[in-house]
Amino acid sequence: MAPGKAVLKGLLKIALILGALYAIAHFLGPRLSPADYRAFPVTGSRIAIWVVAELHLLFAAFVLGVPMFAVITEYIGMRTKDPRYDQLAHEFIRLIALAFTMTAALGSLFFLGLFFLYPKFFGYMTRIFQPTYYLYASLILGEVVYTYLYYYSWESLKESKRLHLTIGILLNVFGTLIMFTADAWASFMMSPAGVDPSGTVSSLWAAIHNRTWMPINVHRLIANVAFGGFIVGAYAAFHFLSAQTDEERAHYDWMGYVGNFIGICGMIPLPFAGYWLAKEVYAFNETMGISMMGGIFSWLFIIQAVLIGVLFIGGNYYLWLAMERIPGAERFRGYIKWLLSILVVCFAVWLTPHTLIMTLKEQQAIGGTHHPLVGVFGVMSAKNTAVNLIILTTFFSFMMYWRSNLVLPATPRAKTLKVLEYLVYGIAASLVIFIGVYGYFVPTIVRVEKLSPAQVGTVLAAMILLVAMASMSVKGATSLGEIRWGTIPRRAQYALILLSVTIVLLMGLMGYLRSALRLNYHVYGLLKDTHPGAFTPNLGFATCVIAVVALLFYGCVCSIFWLGQKTERRS
């Protein structure tokens, strides 16, 4: 072979090799080596960042959820002319200043942790989202300004409640936008968009508005409302148990009821938002969706079912105990055993796993990994049906509580409305069960796209219709007596504390799931986590970390409540 041809051939091979290497690098995207990370002593970098990030998110939920609670209660007070609601809103917005300090400190610690322990990953995210960092800082400044303006203008704007409520609404708008901005970063790590395989940004808006961004926004927004309500309930329960006078017990009994009411109102639509998020995860990547619901994380949803079951059963239990302080409520005690039976049966269905953990001998005995009878309840058709019936039952408890001390007028109109209400409950429950059973006979895509939304729509339509009918039926009703605030059994306060602890554990568990679904990726499919201490925590380890975080969070929250009480006494 001529020397010129040999050189040309060699250059061509080198060009092909370099081209192939470039193509591989372009396809695989940016790569990190173990040298791109820094170690954290004792716990390791991942656990340290996990604890700080989760504590920050819990306090952020507190800072976002409590102003929502405050504005809602202030609005109710304005409409009802009841000064107790205004006092309640003012009492809780006072705690925000202290909670802001913890949120900011933990946020700064989280930022420094990412910057020093994961510098290359932090740089990668900064290249994509740097403009949003300026927006985030501006929104925080706006939230701080409106928080202090909302709090310190309480007395001066006492006669201009609409203006004061407008300031409160703007405070919540800023808080919600802060959450939306941070959710863009977290959701991008789950379902990246707007970047090419090498990590180059093609569209910042596409990166923000990725597949799971809006479902996470809605899910966290509703969760913050429920979280704020249950935290208020725990605060009231603590003060009720330590109250020295009947007047104090009456005040904190009423406060606990309002907190539980708002918490359960937030919980009712939360499963629907969670279903939307799960659906979008499936749509983005089927492998991720299968891992979530039917793979390595499937048993996590059994724990989730337990926690959600505790929230709904605990909320109903509190309402049933609360009825003991209402004259005339004894008329409805006969309903409680049936409502409890429905809740327990639906809870058992929701708790049933799709795949049982069995030995080979046990599998052979039942003829496979799925139990021939119980396995029927382990699929989403049964679980969607169960959760919709739980929500409908909880709504019935609320309506029963609402009218416990009322005697409806003996008019044909009132009697007709009462019959129609029971008919709506029956039709709604029957439709939910029918759709759930029909789901076993159709392809999965039909159940996901059409049947599950139909169940949700049925329940929501029934609740709207029932509220309208109940409002008409109580017109002209006579009262059997005033509610005896402060006479609720003490065990009801333990139920309120249990609800607040449960929602903290639930939020930690779902945060772990969202992060762990990425497996060995910082950004799923684009940027691998090659840290020497990187691992996907198993469920037992994760629950231990979440329990520790919950203890730390409640230790800090109790300190905030104590300092707030000291400040209130001094003023």
Side-chain angles (χ1 to χ4, degrees), residues 18-38 45-46 49 53 56-57 60 107-108 110-142 174 176-220 277 280-289 511 514-531 534:
L18 290 174
L21 289 174
Y22 174 80
I24 291 172
H26 187 79
F27 178 73
L28 293 177
R31 301 184 68 180
L32 301 179
S33 67
D36 294 323
Y37 301 90
R38 296 190 180 99
S45 300
R46 181 162 191 169
I49 289 293
H56 173 63
L57 287 175
S108 301
F110 180 47
F111 167 80
L112 291 174
L114 286 178
F115 183 79
F116 285 107
L117 300 177
Y118 294 85
K120 291 293 182 69
F121 164 68
F122 185 77
Y124 173 83
M125 294 293 289
T126 300
R127 285 196 300 274
I128 298 172
F129 290 105
Q130 185 173 6
T132 66
Y133 292 180
Y134 304 122
L135 174 64
Y136 190 74
S138 302
L139 291 171
I140 289 177
L141 178 61
F174 272 88
T176 302
L177 291 176
I178 288 172
M179 184 189 71
F180 279 22
T181 305
D183 285 346
W185 311 332
S187 60
F188 173 83
M189 294 167 67
M190 279 184 68
S191 54
V195 295
D196 62 22
S198 67
T200 304
V201 183
S202 58
S203 170
L204 176 60
W205 174 244
I208 294 171
H209 195 262
N210 59 77
R211 190 93 198 200
T212 58
W213 180 58
M214 193 51 68
I216 286 179
N217 287 336
V218 173
H219 192 266
R220 286 190 63 191
L277 175 57
E280 292 302 323
V281 170
Y282 266 104
F284 171 73
N285 187 285
E286 289 186 6
T287 302
M288 187 186 288
R514 180 189 55 76
S515 179
L517 276 176
R518 302 194 309 268
L519 300 176
N520 60 333
Y521 283 94
H522 289 304
V523 179
Y524 190 77
L526 290 181
L527 187 65
K528 281 196 172 183
D529 184 354
T530 58
H531 186 271

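Small disclaimer: the values here were computed from a predicted structure and weren't measured. Sequence positions, counted from 1, serve as the residue numbers for this chain.
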task = Kindly indicate, with the supporting measurements, whether the criterion side chain to side chain contact (heavy atoms under 4.5 Å, CB included) is fulfilled by Tyr136 and Ile178.
result = CA-CA 6 Å; Tyr136 190 74; Ile178 288 172; 3.5 Å; yes
key: Ile216/His219 under side chain to side chain contact (heavy atoms under 4.5 Å, CB included): CA gap, chis, key distance, verdict   = CA-CA 5 Å; Ile216 286 179; His219 192 266; 5.6 Å; no
message = Before you tell me yes or no, could you show the steps for Leu277 and Arg514 under side chain to side chain contact (heavy atoms under 4.5 Å, CB included), namely the whole-Å CA-CA distance, both residues' side-chain angles and the distance that decides it to 0.1 Å?
response = CA-CA 10 Å; Leu277 175 57; Arg514 180 189 55 76; over 6 Å; no
key: Worked verdict on Tyr124 versus His522 for side chain to side chain contact (heavy atoms under 4.5 Å, CB included)   = CA-CA 10 Å; Tyr124 173 83; His522 289 304; over 6 Å; no
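Checking side-chain atoms of Thr212 against main-chain N and O of Glu280 turns up no donor-acceptor pair under 3.5 Å. The main-chain N or O of Ile208 is found under 3.5 Å from a side-chain atom of Asn210 such that the two form a donor-acceptor pair. Using a distance-only test at 3.5 Å, with no hydrogens or angles considered, a donor-acceptor pair links the side chain of Trp213 to the main chain of Phe180.
A pairwise comparison of heavy atoms in Leu517 and Tyr524 identifies O-CE1, 4.0 Å as the closest pair. In terms of heavy-atom proximity, Phe174 sits nearest to Leu139 at CD2-O, 3.6 Å. In this structure, Met190 and Met288 approach most closely via the heavy-atom pair O-CE, 3.5 Å. Minimum interatomic distance between Ser191 and Phe284 (heavy atoms only, all atoms of both residues): CA-CZ, 3.4 Å. The two atoms that bring Ala206 and Gly194 nearest to each other are CB-CA, 3.6 Å, heavy atoms only. The minimum heavy-atom distance between Phe129 and Ala184, with the atom names listed, is CZ-O, 4.0 Å.
To the nearest 0.5 angstrom, Phe115 atom CZ is 9.0 Å from Thr126 atom OG1. Note that CZ of Arg38 is 9.5 Å distant from NZ of Lys120, once rounded to the nearest 0.5 Å. Between the CZ atom of Arg46 and the CG atom of Leu117 there is a distance of 13.5 Å, given to the nearest 0.5 Å. One finds the CD1 atom of Ile140 at 10.0 Å from the CG atom of Leu135 (value rounded to the nearest 0.5 Å). Note: Thr176 OG1 to Arg220 CZ = 11.0 Å, rounded to the nearest 0.5 Å. To the nearest 0.5 Å, atom CD1 of residue Ile128 and atom OG of residue Ser202 are 10.0 Å apart.
Taking the six-membered ring where the residue is Trp, the centroids of Phe122 and Phe111 are separated by under 6.0 Å.
Ring orientation note: the planes of His209 and Trp205 are close to parallel, at an angle under 30° on the 30°/60° scale.
Heavy-atom neighbours of Tyr133 OH from other residues, nucleotides or ligands within 6.0 Å: above the threshold of 12.
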